[in-house]
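Data block below; observations after.
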Amino acid sequence: MSDFFSSFWGWYVAAISLISMLACLVLLWLTSKKRISSDTDNTTGHVWDGDLRELNNPLPRWWMWLFVITILFSLVYVALYPGLGTFSGMWKWTSDSAYTTERAQLKQAVSPLFAEFATQPVENIMHDQRAMAMGERLFMNNCAQCHGSDARGSKGFPNLTDQDWLYGNSTEQIIETITKGRNGVMPSMATAVGSEAEISDLAHYVMSLSGSPHDGLKASAGKKSFSACAACHGADGKGNTALGAPNLTDNVWLHGWGENTIVGIIKNGKNNAMPAQEGKLTAEQIRVLAAYILSLSNSAVNKNTALK
Ligand code: HEC
Ligand code: HEC
């Protein structure tokens with residue numbers, strides 16, 4: 001209600017609510033006064049199917065009292081809870097404070113479960129089946145909407161099960177990523193590279209780094225322009241985890257593959273953010289999540305070596 005600029009609407013809503021509750025009572029009182037008239041046959045006069053008539057009896061007592069009770073209940077309810085315009089109710093209940101208290105209660109209830117992981121090395125947590133089940137549930141509730149329920153990501157959202165890391169896969173790096181979030185920023189490089197043709201040549205050079213299909217002539221013409229990219233992606237194009245600059249020599253493409261995509265990124269740059277989780281999750285929950293993610297990429301390695 002605080003969104004309204006004048007207090008008029010608060011009073012207006014309160015008045016309508018109260019008047020309609022009282023009107024129900026009045027209506028009930030008026031209809032219950034009606035007596036059965038003995039001089040007619042006491043029907044409404046409607047006839048269906050030849051001989052079906054509707055009796056005009058007053059409402060049964062039990063039904064009337066139920067109605068009265070519901071009206072009284074609603075009056076008590078709007079006195080205690082916020083429901084009448086801007087009046088906040090005698091109990092001062094708000095959905096905000098209810099949410100905060102419930103969160104605090106939940107935190108208290110789960111913190112003993114996670115306490116044992118506060119000091120354990122992440123390598124040990126990875127081998128604790130119970131912790132991994134907790135990690136999976138945390139992941140489904142907090143991360144799957146972006147990284148996918150199988151953690152394989154999608155365009156713009158990194159795959160967390162492979163061996164390609166924008167920000168590194170040491171325990172500290174992963175915990176830092178989840179706790180503080182990350183923001184990968186690549187500025188627009190069009191002016192640094194030059195003409196459309198030079199940008200297209202450079203895109204072919206970038207594709208050649210990973211052995212992707214490319215035009216060899218264009219790629220060798222584009223090689224010189226890569227010096228503009230080396231500060232972040234490295235002279236060899238292998239990336240830099242301190243900046244989140246991706247490795248361009250592997251065949252993993254966060255933002256899609258092909259000349260058009262790469263030309264688009266060179267021209268427009270890229271800004272991609274992973275939101276910080278420290279306000280939402282406790283340090284112990286983040287440790288368990290870090291272990292869960294590392295176990296996913298490790299088991300992917302094990303599977304790959306098993307296949308070979
Ligand atoms: C709103 C979407 C979103 C949510 C929710 C989200 N992430 Fe991310 N995450 C991203 C994006 C986007 C990136 C890539 C950031 C970049 O490109 O700089 C990322 C990057 C990461 C990375 C770094 C990957 C690498 O290659 O270094 C990790 C680890 C990660 N997220 C884990 C998590 C975990 C664990 C959760 C749940 C607690 C989570 N993310 C929730 C969007 C999200
Ligand atoms: C200031 C640092 C910086 C410079 C300079 C820079 N980049 Fe980037 N680049 C990044 C970052 C950071 C990302 C990742 C953005 C994100 O988080 O999604 C990126 C992403 C990319 C991608 C997407 C990779 C993928 O997996 O989809 C390509 C391609 C790319 N850069 C090419 C270039 C080229 C070519 C140049 C030189 C003209 C260049 N970059 C210059 C920082 C830089």
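Residue numbers start at 1 and run along the sequence shown. Every number for a ligand or one of its atoms is a count from 1 in the order of the listing.
For atom 6 (C) of ligand 1, the candidate residues are Lys270, Gln145, His147; the nearest heavy-atom contact is made by His147. Nearest to atom 12 (C) of ligand 1 by heavy atom, out of Ala273, Gly244, Ala276, is Ala273. When His233, Glu198, Lys155 are checked for heavy-atom proximity to atom 31 (N) of ligand 2, His233 turns out nearest. Summarising the contacts of atom 18 (O) of ligand 2 with Met189, Met186, Met207, His255, the nearest heavy atom is found in His255.
Taking every non-hydrogen atom of Val206 and a distance limit under 4.0 Å, the qualifying atoms of ligand 2 come out as 35 (C). Those atoms of ligand 2 with a heavy atom of Val193 less than 4.0 angstrom away are 38 (C). Close approach of ligand 2 to Val252 is summarised as follows: ligand atoms under 4.0 Å from at least one heavy atom of the residue are 26 (O). Below 4.0 Å from some heavy atom of Cys232 lie the following atoms of ligand 2, by number and element: 1 (C), 2 (C), 3 (C), 4 (C), 5 (C), 42 (C), 43 (C). The distance from ligand 2 to the heavy atoms of Ala228 drops below 4.0 Å at these ligand atoms: 5 (C). Within ligand 2, the atoms closer than 4.0 Å to a non-hydrogen atom of Leu254 are 18 (O), 25 (C), 26 (O), 27 (O), numbered from 1 in the order shown. Under a 4.0 Å criterion applied to the non-hydrogen atoms of Ile266, ligand 2 contributes the atoms 35 (C). Atoms of ligand 2 lying under 4.0 Å from any heavy atom of Asn272, numbered from 1 in the order shown and given with element: 16 (C), 17 (O), 18 (O).
Here Cys143 fails the criterion, with no N, O or S atom under 2.8 Å of atom 8 (Fe) of ligand 1. Taking backbone and side chain together, Met274 holds an N, O or S atom under 2.8 Å from atom 8 (Fe) of ligand 1.
In this structure, Pro275 has a heavy atom closer than 4.0 Å to ligand 1. The closest approach between any non-hydrogen atom of Asp164 and ligand 1 is below 4.0 Å.
Residue contacts with ligand 2, taken as heavy atom pairs separated by less than 4.0 Å, involve Leu243 solely via the backbone atoms N, CA, C and O. For Pro187, every heavy-atom contact with ligand 2 shorter than 4.0 Å involves the side chain, none the backbone. Here Val185 has backbone heavy atoms under 4.0 Å from ligand 2, and that is the only part of it that gets that close.
The protein heavy-atom contact nearest to atom 19 (C) of ligand 2 is Pro246 CD, 3.3 Å.
Side-chain contact between Phe117 and Gln120 is present, with at least one heavy-atom pair separated by less than 4.5 Å.
Once rounded to the nearest 0.5 Å, the distance linking OG of Ser111 with CD of Glu284 reads 8.0 Å.
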